[in-house]
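Heads up, the thing below is written out as C-alpha cells.
Order of the sequence lines sets the chain letters (A, B, ...), proteins ahead of strands, with each chain counted from 1. These numbers come from the heavy atoms of this one structure, side chains and all, not from hydrogens, waters or symmetry mates. Remember, predicted model here, so these are calculated numbers, not experimental data.
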Amino acid sequence: MLLSRVLEEKLGSLYRAGGRIVGGVYLGKGQEAFSAALGVQLRKGRDIYGPLIRDQAGRIAFGEPIIDTVRTYLGAVTGPMRGRDGNIHRGRPKEGHMAMISHLGSLLSVVAGGLFARRLAGTLADSIGATSIGDGGTSTGAFHEGLNMAAVEKLPIIVSIANNQYAYSTPNTRQYACENLVDRAAGYGIEGMTVDATDLASCLKAFRMAAAKARAGSGPQMIVGTLLRLAGHGEHDDASYIPDTKRQDPSARDCLQVAEDFARDHGWLSSAELRELNEEVRRNVDQTVSKVSKEPAPDPFKENWQALSCAELVEGQHEA
Amino acid sequence: MSITYLEAIREAQYEALREDPSVFLYGQDIATFGGAFKATKNLSKEFPNRVFDAPISEDAMVGMAIGAAVEGARPIIEMQFADFSSIGFNQIVNQAATLYWRTNVPCPITIRLPSGGTAGSGPFHSQSMEAIYAHYPGLVIVTPATVEDAYWMLLDSVKLNDPVIFCEHKFLYYHLKADQIGDRELPIGKARIARPGRHATIVTYSAMVHEALRAAEELQLDGYQIEVVDLRSVKPMDTDTILASVARTGRLLALGEAFPWGGVTAEIIARVTTDGFHLLDAPPMRLNSKDTPIPYHPNLWKSHRPTTSTIAAALRRLLRN
C-alpha cells in the first residue's frame, strides 16, 4: 500500500513536471487497501490476475516489480510493453498478469478463459482468477456477458468491484438503479458481499474468504468495496465534481491512514518505524525512476512494425 | 461418395480435435445439437468435454478464447452467423488483434463466421464481415471458395499462432460439392488462378468465385478468355498474383459480395492502380452489392448482390473500354 502510494505520488509529480511521461497518469489513491487485499491472496505463476486502472497496489501485492510500472509509464524499451503501450496498460500474460485494454469489463471473460483452458487441460488444481472493475465498468455489456459466462462455467474467479462512487465524473445515481451493486450477485447465481474498502483488515478478511471459497470450487465470488476515489480520474482531472460534503463521508477515509493508525494502535509499528519505512520506500522509488530514466526509449527504426507473430503472413509495407 | 463445403468444415474440426488435444470448440448450440448449420454434428459425442454450448454472449465467447489461448489452448469459436460477431467486435479487434504486438504473447484463436447471403435470410443473417476485420492490424482473414480450401484452410487456421477470422460462405454450405477432399495445394496468403485467361482479370473471393467462373463461361461464348483469381485470404492479400494476372490481361474487375464503401474490392483497385497502373489498358472496375442493408425477399436479394449476369455485363463494359 505504502509503496503503491509513494510510487504513484512520484508518477504524479513526474506528470506535472512535464516531459518525462507522455499520456496520462491514473492513480489508485484511496483504493490501495481494497486492491492490495486482493493481490495478496493471489500466487504469481499459479493464479491469473486481470487488474484494472486503479490497481497499482494489487499489482505490487501480486508480485509485479515496480520497475515494470515505471518502465511502462516512461515507455522504456526494456519494459514489458516496450513503448508499444503505456501506463496502466501493462502485464505479463504468461506470468498470469493480464494486460488490460481500455474497454471496461472486457478482461473478465479473458481471465475466465484462462481458467477454463486450465480446467480442460487438467492443470487447474487450486488456481483461481481475479479481476477488478469499478462501479462504472459494471454497466458494460462485456462485464455482464463475462460474469454470466463465468457463473455458467462455475469458474473459480473473484470479481472485485471498487465502488468509488464516480465513473470519471458520473455519480452512482446515473450509473445503476439497484440498491447496492452486490444485489446483482444473486442475479448471476453467485456469492457476493460488501466491504468497507477504507479498512484494510476488513478487505483482507473478505478477500481471504472469497479466495478460499473460489479455490474450494464454489464458483465466482463478487466483492463490492465502498470507498471514495481520492484523486481525479487521471492526474489531468481535479475532481471538482465531487462535492465537499462527500469528502466528509466515512467512505472518504484514506485507507492508508486507517491502516497506519491500526498498525500503530496495535503496537505493530511505532511512528519512528513508520517514518523509516516511508523513507526506505521513497529511496526505492527514486532509485527505480532514476535507473529507468537512463534506459533507452524505443527506436522507430528498430521496431519491426509487425502485428502478427507469423512473420510470413505480414504484408509488405505499402509505402509511397 | 461426395463431400460438401459444410461437411469439409466439419471434417476439418474433427481432424483438428483429433490431432491436437489443446483444440476445443465453443459456440452457441454446437454441442449435442451440432450447430445451427450442423457444422459440428456429432463432434461432442466423438470428443467428449471438448465441444461446448456457449451462452448467447459473443463478447464473452471471444474473450474466453483469448484467455484460453494465453494458457496454450487453440480454441475454435463458432459465431452462429457472421453478423453476430459485431457483438464480439471489441474483443476481436482490441483484445485478440493487439495481444501479440502489445505483450509478445501470440493469440492462436480461430473464429468461424458463417458469412454471406442466402435468399430469405434478410439484413441480419447475411452479412460479409471480412473488410471490417481486415481493416485492423493483427488479424488474418481467410475466405475459402472451394471444398478443399474450406478443409485445409480451417486446419491451417487452427495451427496458426495468430487470430484468424474464418469467413465460410453459407451459400456454399450445401451447394458446393467435391468428389473428395484433394491434397493441400496452397498455404494461407497465396491466391489461386481459378481459371486462366488473357482478355480480362476478375479478382474475387468466397462465393463470388463461382459467380465469376459462370460469367467467364458466358464471355467465352463471345470469344473472350477471362482469368479468375481467387484470393483465398483477403488478409494477407496476394498482391503479386493479382499484379501478375493484370500484367497478362491488362484489364481488372474487382468483385465482392460485401457492401461497396471501402472494403476488399477497393483495396484490390488501390493496390493495382498504385503498384501496377502501367499494366492497365482500361480503367479498373468494381462490382459489389448495393449500398443498402441486405433485403429479405428473393427478388430483391438477387438484385442486391452481384450475379452471373451483372458480372458478365460489367465484363462486357470493361472489354469495350
Interatomic distance, [X] atom [atom1] to [Y] atom [atom2] [nearest 0.5 angstrom]:
{"X": "L308(A)", "Y": "C107(B)", "atom1": "CG", "atom2": "SG", "value": "11.0 Å"}
{"X": "L107(A)", "Y": "Q91(B)", "atom1": "CG", "atom2": "CD", "value": "8.5 Å"}
{"X": "H89(A)", "Y": "T103(B)", "atom1": "NE2", "atom2": "OG1", "value": "14.0 Å"}

Within the 4.5 Å heavy-atom criterion, are [X] and [Y] side-chain neighbours or not?
{"X": "Q95(B)", "Y": "S106(A)", "value": "yes"}
{"X": "D59(B)", "Y": "T140(A)", "value": "no"}
{"X": "K235(B)", "Y": "L313(A)", "value": "no"}
{"X": "L120(A)", "Y": "F52(B)", "value": "yes"}

Checking heavy atoms, do the side chain of [X], its backbone, both or neither come under 4.5 Å from chain B?
{"X": "P80(A)", "answer": "backbone"}
{"X": "I48(A)", "answer": "side chain"}
{"X": "R92(A)", "answer": "neither"}
{"X": "M98(A)", "answer": "side chain"}

Contact origin within [X] toward chain A - heavy atom pairs under 4.5 Å:
{"X": "I188(B)", "value": "both"}
{"X": "A73(B)", "value": "side chain"}
{"X": "V105(B)", "value": "side chain"}
{"X": "P137(B)", "value": "both"}
{"X": "N104(B)", "value": "both"}

Which atoms form the tightest heavy-atom contact between [X] and [Y], and what is the distance?
{"X": "R102(B)", "Y": "M81(A)", "value": "O-CE, 3.5 Å"}
{"X": "A117(A)", "Y": "E71(B)", "value": "CB-CB, 4.0 Å"}
{"X": "W101(B)", "Y": "R84(A)", "value": "O-NH1, 2.9 Å"}

Pick from G72(B), G138(B), G88(B): which one has the most heavy-atom pairs with chain A under 4.5 Å?
->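 Heavy-atom pair counts peak at G138(B).
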Among V70(B), L160(B), I87(B), D238(B), which residue forms the greatest number of heavy-atom pairs with chain A at distances under 4.5 Å?
->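 The candidate making the most pairs under 4.5 Å is V70(B).
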Could you tell me how the ring of F116(A) sits relative to the ring of F24(B): parallel (under 30°), tilted (30 to 60°) or perpendicular (over 60°)?
->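 Judged by the thresholds at 30° and 60°, the geometry between F116(A) and F24(B) is tilted.
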Show your reasoning for whether side-chain hydrogen bond (donor to acceptor under 3.5 Å, both in side chains) applies to N161(B) and S309(A).
-> CA-CA 6 Å; N161(B) 266 338; S309(A) 77; 4.9 Å; no
Salt-bridge test for R271(B) and E315(A): reply yes if a basic N is under 4.0 Å from a carboxylate O, no otherwise.
->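 Salt bridge flag = yes for E315(A) with R271(B).
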For atom [atom1] of [X], decide whether the heavy atoms of other residues, nucleotides or ligands shown that lie under 6.0 angstrom number more than 12.
{"X": "K94(A)", "atom1": "NZ", "answer": "yes"}
{"X": "L124(A)", "atom1": "CG", "answer": "yes"}
{"X": "E185(B)", "atom1": "CD", "answer": "no"}

For chain B, which of [options] has the most heavy-atom pairs under 4.5 Å?
{"options": "R82(A), E153(A), E145(A)", "value": "E145(A)"}
{"options": "A307(A), G129(A), A121(A)", "value": "A307(A)"}
{"options": "G113(A), C310(A), G96(A)", "value": "G113(A)"}

